[in-house]
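What follows is a set of notes on a single structure, which appears directly below.
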Amino acid sequence: MRTRKLSITVFVLSLISLLISLKLFWNLGIFVDEHGFSPDIVNGGDFWLSMDWLRLLLLFLLCIVSGIDILKSKQKQEN
């Protein structure tokens with residue numbers, strides 16, 4: 001039961017982090033569109049823009065993996 005609560009906590013925290021990062025990335029897109037900049041200029045270069053995309057990907061994968069873990073732990077409890 002304790003590991004299920006931990007899995008749910010990890011999932012909720014990773015989902016919240018993903019939503020915050022998506023909103024910040026969305027706001028970055030609005031800013032660069034309104035001011036005529038490029039996202040790599042605002043982020044400080046191509047490397048940091050790539051790290052922004054990587055962060056979104058890793059948070060998405062963390063949500064997927066933790067969600068699968070919750071489903072697996074639920075199936076184990078039912079058996």
### Distance, nearest 0.5 Å, that separates CG of L59 from CD1 of I16
12.0 Å
### Query
Does L22 have any side-chain contact (heavy atoms from CB on, under 4.5 Å) partners at least two apart in sequence or in another chain, and if so, which?
L18, L56
### Pairing residues for L15 by the side-chain contact (heavy atoms from CB on, under 4.5 Å) criterion, not counting sequence neighbours
F11, L19, C63
### Query
When Ile, Leu, Val, Met, Phe, Trp and Tyr are grouped by side-chain heavy atoms lying under 4.5 Å apart, directly or through other members, which residues fall in the same group as W26?
I30
### Query
If you round to the nearest 0.5 Å, how far is CG of L62 from CG of L13?
9.5 Å
#### Entry: Listed once per pair and sorted, the side-chain hydrogen bond (donor to acceptor under 3.5 Å, both in side chains) pairs that draw on residues 6-20, sequence neighbours left out
S7-D69
### Query
Should M51 and I20 be counted in the same cluster of Ile, Leu, Val, Met, Phe, Trp and Tyr side chains packed under 4.5 Å apart?
no
#### Entry: Non-neighbouring partners of D52 that pass side-chain contact (heavy atoms from CB on, under 4.5 Å), sequence neighbours left out
F25, L28, N43, R55
### Task
Enumerate the residue pairs fulfilling salt bridge (charged side-chain N to carboxylate O under 4.0 Å, His left out) with a member in residues 10-27, sequence neighbours excluded, ordered by first and then second residue.
none
### Partner set under side-chain hydrogen bond (donor to acceptor under 3.5 Å, both in side chains) for D40, not counting sequence neighbours
S38
### Message
Would you compute the distance between atom OG of S50 and atom CG of L54 and round it to the nearest 0.5 angstrom?
### Response
8.5 Å
#### Entry: F37: partners by side-chain contact (heavy atoms from CB on, under 4.5 Å), with sequence neighbours left out
F31, V32, H35, V42
